[in-house]
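The analysis underlying the following values was restricted to heavy atoms, covering all of them including side chains, and did not include hydrogens, waters or symmetry mates.
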Amino acid sequence: MPKPDSFFITTPIFYVNDAPHIGHAYTEVAADVLARWHRQAGDDTWLLTGTDEHGQKILRTATANGAEPKEWADRLVKNEWIPLLDTVNMSNDDFIRTTEPRHEEGVQAFLQKLYDDGHVYAGEFEALYCVGCEEFKPKSEIVDGEGAFEGEKVCSIHSKPLELLKEKNYFFKMSAFGDALLKLYEERPDFVQPASARNEVVAFVQQGLEDLSISRSSFDWGIPIPWDQEHVTYVWFDALLNYVTATGYPNDPETFARRWPGVHIVGKDILRFHAVIWPAMLMAAGLEVPKHVFAHGWLLVGGEKMSKSKLTGIAPNEIIDVFGADAFRYYFMRAVSFGHDGSFSWEDLTARYHAELANGFGNLASRTLAMNAKYFDGVQPETAELSDADQAIVDLVARAATEADAHVNAFEIHEALSVIWEVVDALNGYITEMEPWVLAKDEAKRARLGTVLATVTEGLRALAVLLSPVIPEATEKLWVALGAKETLGELREQPLRDAGAWGQLPAGTPQSSLAVLFPRVEQD
RNA sequence: GGCUGAGUAGCUCAGCUGGUUAGAGCGCACGACUCAUAAUCGUGAGGUCGCGGGAUCGAGUCCCGCCUCAGCUACCA
């Protein structure tokens, strides 16, 4: 049974062939928001990310760039992937590279166990081979020949006939796990999420599983098969194991028991590896399968999947240099329904940034602190008797906090933000209706003025806590300005599941001025 | 070809087991207000709910057919 207090969440480990684009950053942010939320809610949280560095493709890229593969990986990791973490403000607890000893040793131990237990056998891998590509071709790259090659199968890249070649390979008896996997999907409908992703996985497994070739001998950039040094491990088999080699498998059973099983956030392009192959591997090794595999959608640009070849690839820094990491995180979490494809456009980003972050939340903070400074010398006012309107705010905050937590637990990050934003909108409306600037002109209404501003400020306190997993930088600034850091302690230590409890900011708490949280970005 | 999902206001999207005049945000128009990042609040205009049939007292929401788009249909990570 899953341990309720443990929340181990992973991103995919990224292939170091290329530089990151916003799709990678999106995955990182989603996992990070979930991790920050659970961590602040008191769960025993561990966020893992990392890089996948083996395989023929990396060997080729490295060679083409006149580098050794490890050298090449080191360079990409240092120059591109580690900086990405900082760019998007990741709070990962670990970063694993598949070239690290802890991983390589873990993979070998895992392989040896499967081999010893009879789940792996030596066989003949027979497939169509392209001399031009120097590799076996997947079905997607095999097409019918034309002209001189009519009737033959040719490579889609070279348009030359393919040869049927055999190679000795080690195979994982994945075919034996089809029924167990179907039973898993049946018994745990939330194992693969969202439901659309689950459907595809079930349909795939229902048509029957073949055994999986897990070794390669035509190149050597990989983890050697422990009982046969002529072979290296198939890169996916290697990569998937990072989730356990980073958490103590096999030499630290205590840590492993504490972390595993985990929750995997993946792009839908790699769903099958995580929802089929990976659980089959774990079953074979006698380990628990993941708690959940959640597949998020693509980011679409102009209605099409983002791609470098179509010049729609966007580097995270292009956005973050202009709007900041908080805005990046907020925008993609809010505008994209988690689990669905999402449309990205600069126009939409700019519009939401101004309407929601600058005019909505940022301005709410500004106007509130400005009035506290002006009417109460910058301290948290006293609350007198609550009117119905005040009570409505109190109730809304409580409800928003509860519902947001439920949404996050269900991977509905966008819904959580939607509910939290009801508070932002309600507070702006409340201020306009209560007209504190009018109350301020009548000394007899001094107590009422204090109550109104205390209510809004307390609402801001709750917002700072609830939004801290998504926009950690802005909420930290707000937290300091509210004086909350002095009286309530660090923002990141505020229990998230108590965020909706009213009256936490003591009256008399000194506040300080707040720099504009989300400055307007001038248009060209 | 088969399977899955989607096609709802200018844009991005909600609409669960069918039920009063189809919703939100943005954008737009008008008005109110001035504490605030020329921000805020209110009101309004705007949709034959992809197309065509069907069962139902009643369908965006069920059934049939069709059109369009995307994904999956295994060893590229």
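- With pairs defined as Watson-Crick or G-U wobble and both atom distances under 3.5 Å, the stems of at least three pairs that touch RNA chain B come out as B:1-7 with B:67-73, B:10-13 with B:23-26, B:28-32 with B:40-44, B:50-54 with B:62-66.
- Among the nucleotides B:U34, B:A70, B:U37, the one closest to the side chain of A:Asn363 is B:U37.
- Here B:C76 presents its C1' atom at 15 Å from CG of A:Leu59, a figure rounded to the nearest Å.
- Closest to the A:Asp341 side chain, of the nucleotides B:A36, B:U34, B:A70, is B:A70.
- Look at A:Ser343 and you'll find a side-chain N or O under 4.0 angstrom from OP1 or OP2 of B:C13.
- Within a heavy-atom distance below 4.0 Å of RNA chain B, no residue of residues 410-421 of chain A is found.
- Look at CH2 on A:Trp346: it is 18 Å from P on B:U12, rounded to the nearest Å.
- Of the P atoms belonging to B:U4 and B:G23, the separation is 33 Å, rounded to the nearest Å.
- A gap of 33 Å separates the C1' atoms of B:C72 and B:G25, to the nearest Å.
- Between the side chains of A:Thr457 and A:Asn372, at least one donor N or O sits under 3.5 Å from an acceptor N or O.
- Residue A:Thr368 is the one, among A:Thr368 and A:Thr432, whose nearest nucleotide of RNA chain B lies closer to the 5' end (criterion: closest heavy atom).
- Separating the C1' atom of B:G10 from that of B:G47 is a span of 11 Å, rounded to the nearest Å.
- Here A:Asp348 lies out of heavy-atom contact (under 4.0 Å) with every strand.
- Annotation: B:C26 and B:C69 have their C1' atoms spaced 25 Å apart (nearest Å).
- Among the heavy atoms of the strands lying under 4.0 Å from A:Gly429 are primed sugar atoms or P, OP1, OP2 only; no base atom is included.
- One cannot find a donor-acceptor pair under 3.5 Å joining the base of B:A39 and the side-chain atoms of A:Asn359.
- Comparing the P positions of B:C49 and B:C30 gives an interatomic distance of 31 Å, to the nearest angstrom.
- With both ends at atom C1', the span from B:G5 to B:G50 equals 15 Å, rounded to whole Å.
- Rounded to an integer number of Å, the gap from CZ of A:Phe171 to C1' of B:A74 is 13 Å.
- With C1' as the reference atom, B:A22 and B:G58 are 15 Å apart, rounded to whole Å.
- For B:A45 and B:G53, the C1' atoms lie 34 Å apart once the distance is rounded to whole Å.
- Ionic pairing of A:Glu230 and A:Lys168 is not present here: no N-O contact between side-chain nitrogen and carboxylate oxygen is shorter than 4.0 angstrom.
- Remark: C1' of B:U4 and OH of A:Tyr185 are 16 Å apart, rounded to the nearest angstrom.
- Between A:Tyr234 and A:Ala335, it is A:Ala335 whose nearest contact on RNA chain B lies nearer the 5' terminus.
- Contacts of A:Glu356 classified as salt bridge (Lys or Arg N to Asp or Glu O under 4.0 Å), with partners at least two apart in sequence or in another chain: A:Arg334, A:Arg352.
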